[in-house]
2 protein chains.
Amino acid sequence: MHVATDCIVFGFDAGKLKLLIFKRQLEPFRGSFSLIGSFVGLEEDVDTAARRVLKNITGLENIYLEQLKTFGKADRDPGGRCISIAHYALIRIDDNNKKLVAKYGAFWYDLDVLPPLVLDHSEMVDVALKTLRQKAKHQPLGFELLPRKFTLPQLQILYEAIYQRPLDPRNFRKKVLSLKVLTKLNEKDKSSSKRGAYLYKFNQKKYEKLLKSGFDFQI
Amino acid sequence: MHVATDCIVFGFDAGKLKLLIFKRQLEPFRGSFSLIGSFVGLEEDVDTAARRVLKNITGLENIYLEQLKTFGKADRDPGGRCISIAHYALIRIDDNNKKLVAKYGAFWYDLDVLPPLVLDHSEMVDVALKTLRQKAKHQPLGFELLPRKFTLPQLQILYEAIYQRPLDPRNFRKKVLSLKVLTKLNEKDKSSSKRGAYLYKFNQKKYEKLLKSGFDFQI
DNA sequence: ACAAAAGTGTTACGTGTACACCCATGA
DNA sequence: TCATGGGTGTACACGTAACACTTTTGT
């Protein structure tokens with residue numbers, strides 16, 4: 001039986017959630033859109049295969065990657081029996097990986113204008129989105145999608161994109177800051193306003209300490 | 001590459017959470033304990049394979065079963081490359097399936113006195129337990145482990161076993177009843193007290209209606 | 001009558017939510 | 001000076017958590 005992995009890759013750019021998809025250059029399904037993926041090598045860990053795929057197309061190595069679900073219907077691939085262990089990844093989109101992505105014939109697509117994808121890949125995206133929305137509530141996923149330094153308005157826009165509903169800026173700031181996992185910097189980002197907004201960093205160490213003392217992250 | 005499925009099967013009996021494990025009758029690992037499992041047939045859906053395994057050993061067909069996670073380390077099975085899609089199931093233990101289980105050389109083990117299991121099966125159990133504890137908060141899993149008719153004290157003991165902490169009976173009853181998904185019957189169960197406790201049924205229809213009108217089940 | 005489990009209400013506290021105005025700045 | 005986005009505080013509703021006694025009944 002063939003064993004593959006497919007990656008649902010999320011990014012965030014220009015205030016919108018994006019998905020990385022691929023225009024197939026080869027048969028089968030040449031010209032159709034699909035997720036990025038690969039067969040799992042005979043001596044390769046399944047999650048290593050997923051990381052290999054990601055590195056090839058984005059050049060990135062230390063990215064947030066989690067197993068999503070295994071798609072194992074007997075008839076899911078008309079080309080022959082093949083199960084796929086789907087993974088999802090969160091990526092900071094920047095100019096470097098934008099170029100690399102383009103070079104491989106891949107695209108960052110707005111989630112709400114996604115074209116149909118081959119096989120059961122659209123279903124994979126649906127499951128991944130639900131999971132992302134669920135997990136974002138209780139884990140600091142958001143910071144994986146933003147630049148290392150970000151402003152609170154940026155963070156709010158991201159969570160509004162994830163949850164698909166507007167958030168109140170006062171309540172949002174209050175909640176986020178009460179978690180005590182952000183470090184305020186003495187720099188402002190003036191790219192989107194004259195006044196400028198303070199930049200913050202996510203403090204991983206502090207977050208892990210708090211986790212150990214049993215606290216419940218929640219946004 | 002070989003593709004298998006293993007099932008983490010939870011039950012509830014005598015006030016304790018139980019796990020169904022299996023003493024291997026054949027090589028490899030003869031005499032050791034393992035989860036129940038099987039290879040996935042070439043023309044068989046992965047989840048169908050899991051249901052087949054469960055039916056063989058418990059005789060049950062319509063049981064709560066969910067995919068847990070795929071275990072895909074290259075070296076997880078020294079006998080040759082094999083990935084396993086782990087599933088977990090929740091079962092109402094009764095005298096019928098107790099007999100069947102015994103016939104196949106399987107056992108219901110208390111979770112806190114579990115022997116070591118072969119391969120990465122102990123890790124699978126750990127992951128399943130964490131998932132169960134997490135999911136139980138937001139989905140009505142508990143009712144899958146109790147008889148169709150159950151008392152509120154029974155339900156409380158079950159949730160205490162899942163969460164591993166005592167719950168206040170007044171607050172517990174209040175919360176559970178406020179969900180409006182239980183139907184009170186005009187019968188009492190006197191097996192554990194002289195006074196007897198009212199029996200209740202979980203109302204699946206009502207639950208699904210409430211879900212549609214967007215409510216958040218929570219225990 | 002007593003032992004053993006079932007059943008019941010109230011209060012204090014913290015968390016989430018709704019809501020509107022001033023601030024800083026570059027053009 | 002004005003347009004634009006950044007930043008702030010308060011009041012109320014709600015849910016959660018803590019807590020102790022009465023009821024029923026078989027022995």
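Within every chain, numbering begins at 1; the chains are lettered A, B, ... in the order of the sequence lines, protein sequences first and strands thereafter.
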[X] side chain: which of [options] is closest?
X	options	value
A:K190	D:dG26, C:dT25, C:dG9	C:dT25
A:P153	D:dG7, C:dG16, C:dA3	D:dG7
A:S193	D:dG7, D:dG5, C:dG7	D:dG5

Taking all non-hydrogen atoms of both residues into account, name the closest pair between [X] and [Y] and its distance.
X	Y	value
B:G72	B:I83	CA-CG2, 3.9 Å
B:C7	B:L54	SG-CG, 4.3 Å
A:V181	A:Y207	CG1-CA, 3.8 Å

### Query
Any N or O donor-acceptor pair linking the side chain of A:R195 to the base of C:dA24 at under 3.5 Å?
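For A:R195, whose side chain was compared with the base of C:dA24, there is no donor-acceptor pair (under 3.5 Å).
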
### Message
Taking donor-acceptor contacts at under 3.5 Å, does the side chain of B:R173 reach the base of C:dA6?
### Response
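Answer is no: no donor-acceptor pair is held.
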
### Message
What I want to check is whether the side chains of B:D6 and B:S84 have a donor and an acceptor closer together than 3.5 Å.
### Response
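There is such a pair (donor and acceptor under 3.5 Å, judged by atom type) between the side chains of B:D6 and B:S84.
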
### Task
Sort out for me which residue in B:F202, B:F12, B:F143, B:Y159 forms a ring pair (Phe, Tyr, Trp, His ring centres under 6.0 Å) with B:F150.
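Passing option: B:F143.
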
#### Entry: Watson-Crick or G-U pairs under 3.5 Å in DNA chain C, rendered as dot-bracket with [ ] for crossing pairs and | for another strand
|||||||||||||||||||||||||||

### Message
Go through it in stages, so that I can follow the logic: the residues are A:Y109 and A:L20, the test is side chain to side chain contact (heavy atoms under 4.5 Å, CB included), and I'd like the CA-CA distance, side-chain angles, deciding distance and then a yes or no.
### Response
CA-CA 6 Å; A:Y109 250 80; A:L20 187 63; over 6 Å; no

Please state how far atom [atom1] in [X] lies from atom [atom2] in [N], giving the value in whole angstrom units.
X	N	atom1	atom2	result
A:F215	C:dT15	CZ	C1'	15 Å
B:Y200	C:dA6	OH	P	12 Å
A:L179	C:dT15	CG	P	12 Å
B:F172	C:dT8	CZ	P	14 Å
A:D189	D:dG7	CG	P	10 Å
A:R170	D:dT8	CZ	P	12 Å

### Query
Touch check for A:S192, heavy atoms < 4.0 angstrom, all strands: base, sugar-phosphate only, or nothing?
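Sugar-phosphate, backbone atoms only, no base.
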
### Query
Taking for each residue the nucleotide of DNA chain C bearing the nearest heavy atom, is the 5' side occupied by B:Q154 or by B:K174?
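The residue whose closest nucleotide sits nearer the 5' end is B:Q154.
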
### Task
Please figure out whether B:D168 or B:Q218 has its closest DNA chain D nucleotide nearer the 5' end.
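The answer here is B:Q218.
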
#### Entry: Given B:K206, B:Q204, B:K212, the one that forms side chain to side chain donor-acceptor pair (under 3.5 Å) with B:E208
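Going through B:K206, B:Q204, B:K212 one by one, the side chain to side chain donor-acceptor pair (under 3.5 Å) with B:E208 is satisfied by B:Q204 alone.
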
